[in-house]
**Q** 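Once you've had a glance at the structure underneath, I'll fire off some questions.
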2 protein chains.
Amino acid sequence: MTRKKSEAKKEKLLAVAGDVFIEKGFRDATVAEICSRAEANISAVNYHFGSKEALYQEAWRHSFTKSLKTYPLDGGVSETAPAEERLRGQLTAMIRRIADENNKDFFIAQMEMINPTGLLQEVMKSELIPMRQQTLALVRELLGPEATDEQVHFCETSIISMCVHPIVMQRIARRTKDKNMPDIIEDFTAFADHVVTFALAGINAVGSRGNKP
Amino acid sequence: MTRKKSEAKKEKLLAVAGDVFIEKGFRDATVAEICSRAEANISAVNYHFGSKEALYQEAWRHSFTKSLKTYPLDGGVSETAPAEERLRGQLTAMIRRIADENNKDFFIAQMEMINPTGLLQEVMKSELIPMRQQTLALVRELLGPEATDEQVHFCETSIISMCVHPIVMQRIARRTKDKNMPDIIEDFTAFADHVVTFALAGINAVGSRGNKP
DNA sequence: GGTTATTTCAAATTAGTATTTGAAATAACC
DNA sequence: GGTTATTTCAAATACTAATTTGAAATAACC
């Protein structure tokens, strides 16, 4: 039963590592704390993963894989649905994915961007850029063929920002504050609705201003 | 001339410290690197500031004071101007302030939020919350008296997010990428215009949906 | 049941970094 | 110009944390 227990311990280390990395960041997270919270010996990380760095990378990928499976990018809306509905699908899925406190990949990605270790650079680039392409294409469709590239990019960035920033901020606040203090965003469905309304109105306004602002 | 030179050295340390803290974060920034870049001895930080922590705090405050002076919150728009114009003033000022690469306070604040040292907690709370109140009040005014608190908060958060997130992301990208690669946002006036258009359309759409969504 | 491979463990090692120290240099003051 | 206060400096110290090590425990395999 060595194998089974060992696998379980590896899983536990991955999970705990995710927690600690989110709480402290890569540098301030200590191998000692991760091992002790996972009820493992101090040398478990090096035995199972080789190094703290490798553990960090594996923990991210582990969480990322799980979160994509749980929240498909299109939000389950059919490709043939009207563009407005597809936008709703994409944004709702994104919001839920970011808001889910079991998901660590997105939050770690944010940390990595603002204070990079460099350890996730390649993986993130290869995973995140394709994601944005989807939204970009949809925004272009909604704006119509006359829209300039600048208009498309500005709109896309505005929309993604409305999804990402508030929820990341809320997760940050929850980490510090009293956990049973009321959140600003309690109902993510309502929030997703709000964002979709706001986004569609914005797109319309930008689109109808024509090409020369 | 000991006094004068000493003051100059302190200033230089503050400036260099800001750079290094932005590049590496508090933990990965080393006193050794700060001193060497400032052409000072390794013990200069402790001599002038007492500790690395104190230097960090002073560097932030130094930058914050300067940036507020350069970019007044209302963007220079009169209190008696129409609400739309005041919004334009606030958002343009915010965007310029964040985008200005000489300003380190906002970027450090973002780092602090996602990966807190705890050293700036109180100062930031006392400085940043009042800022948001201004925008919140203005959004409430634009939405009209019938708007619910949730609508006001959602709109405010959407608008701030549209200003903050894209520019922070761009500064992050610039740090990594080739400096003469084209930025997504080149013209901050055009971007501010876009955000104002988008925001006003969003506010209108949310407002006219009535109180029950 | 004995042998081998795997996993756990506590202690030792190594490396990096903030801070302290005390002497030397420099400027201010009379 | 001599005395005192301030500032600079290189080396020493103290501490934290990742990694290594080799022995002990445990399970797998025949």
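We name chains A, B, ... by the order of the sequence lines, and we start the count at 1 in each one.
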**Q** Nearest whole Å is fine: how far is C/dT6 P from A/Lys10 NZ?
**A** 14 Å
**Q** Quick one: do the A/Thr189 and A/Arg96 side chains pair a donor with an acceptor below 3.5 Å?
**A**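 Note: A/Thr189 and A/Arg96 side chains meet the donor-acceptor criterion.
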**Q** In Watson-Crick or G-U wobble terms, both distances under 3.5 Å, what is the partner of C/dC9?
**A** D/dG22
**Q** Tell me the interatomic distance from B/Lys12, atom NZ, to D/dT7, atom P, rounded to whole angstroms.
**A** 18 Å
**Q** For A/Asp100 and A/Tyr71, which I'm curious about, is there any donor-acceptor pair between the side chains at under 3.5 Å?
**A**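 On atom types as modelled, these side chains qualify, holding a pair under 3.5 Å.
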**Q** Looking at every strand, decide which applies to A/Ser43 at a 4.0 Å heavy-atom threshold: base, sugar-phosphate, or nothing.
**A** base
**Q** I'd like to know if the side chain of B/Gln151 reaches the main chain of B/Thr148, judged simply by a donor and an acceptor atom lying under 3.5 Å from each other, with no hydrogens or angles considered.
**A** yes
**Q** Tell me which nucleotide among D/dT19, C/dT6, D/dT8 gets nearest to the side chain of A/Tyr47.
**A**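 Out of D/dT19, C/dT6, D/dT8, the nucleotide with an atom closest to A/Tyr47's side chain is C/dT6.
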**Q** Would you say B/Asn41 places a side-chain N or O within less than 4.0 Å of OP1 or OP2 belonging to D/dA10?
**A**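 Checking D/dA10 against B/Asn41, a side-chain N or O does come within under 4.0 Å of OP1 or OP2.
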**Q** Rounded to the nearest angstrom, tell me the gap between atom CD1 in A/Ile42 and atom P in C/dA10.
**A**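 In whole Å, C/dA10 P and A/Ile42 CD1 are 11 Å from each other.
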**Q** Across all strands shown, which nucleotide pairs with D/dC30 by Watson-Crick or G-U wobble geometry, both distances under 3.5 Å?
**A**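 Answer to the pairing question: C/dG1, which forms a Watson-Crick or G-U pair with D/dC30.
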**Q** Using the six-membered ring wherever Trp is involved, compare the ring planes of B/Phe154 and A/His194 and label them parallel, tilted or perpendicular (cut-offs 30° and 60°).
**A**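 If you compare the ring of B/Phe154 with that of A/His194, the planes turn out tilted.
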**Q** What integer distance in Å separates A/Leu119:CG from D/dA18:P?
**A**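 Between P of D/dA18 and CG of A/Leu119: 14 Å.
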**Q** Extract from the structure each pairing of a protein N or O with an N or O of nucleotides 23-25 of chain C at less than 3.5 Å, listing the distance.
**A**
none

**Q** Using whole Å, report how far CG of A/Asn46 lies from P of C/dT7.
**A** 15 Å
**Q** In whole angstroms, how far is the C1' atom of C/dA18 from the CG atom of B/Leu55?
**A** 12 Å
**Q** Residues in ring-ring contact (aromatic ring centres under 6.0 Å, His included) with B/Phe107, at least two apart?
**A**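 Partners of B/Phe107 by the ring-ring contact (aromatic ring centres under 6.0 Å, His included) criterion come out as none, since no residue qualifies.
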**Q** If you restrict it to nitrogen or oxygen atoms, what contacts under 3.5 Å exist between nucleotides 13-17 of chain C and the protein, and what is each distance?
**A**
none

**Q** Do B/Thr135 and B/Gln90 have side-chain N/O donor and acceptor atoms under 3.5 Å apart?
**A**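 Looking only at side-chain atoms, B/Gln90 and B/Thr135 do form a donor-acceptor pair, the distance falling under 3.5 Å.
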**Q** In whole angstrom, give the distance that lies between atom CZ of A/Phe49 and atom P of D/dA18.
**A** 15 Å
**Q** Using atom CZ of A/Phe21 as one end and atom C1' of D/dA17 as the other, report the distance to the nearest whole Å.
**A**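 Distance check: A/Phe21 CZ to D/dA17 C1' gives 13 Å.
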**Q** Given the ring of A/Phe26, does A/Lys52 sit roughly above its face, with NZ or CZ under 6.0 Å from the centre of the six-membered ring and within 45° of the axis?
**A**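 That pair qualifies as a cation-pi contact.
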**Q** Assess whether atom CD of A/Gln134 is packed by more than 12 heavy atoms of other residues, nucleotides or ligands within 6.0 Å.
**A**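 Counting other residues, nucleotides and ligands, CD of A/Gln134 exceeds 12 neighbours.
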**Q** Between B/Glu156 and B/Arg132, does a salt bridge (Lys or Arg N to Asp or Glu O under 4.0 Å) hold up when you go through it step by step?
**A** CA-CA 9 Å; B/Glu156 187 259 356; B/Arg132 279 191 89 140; 2.9 Å; yes
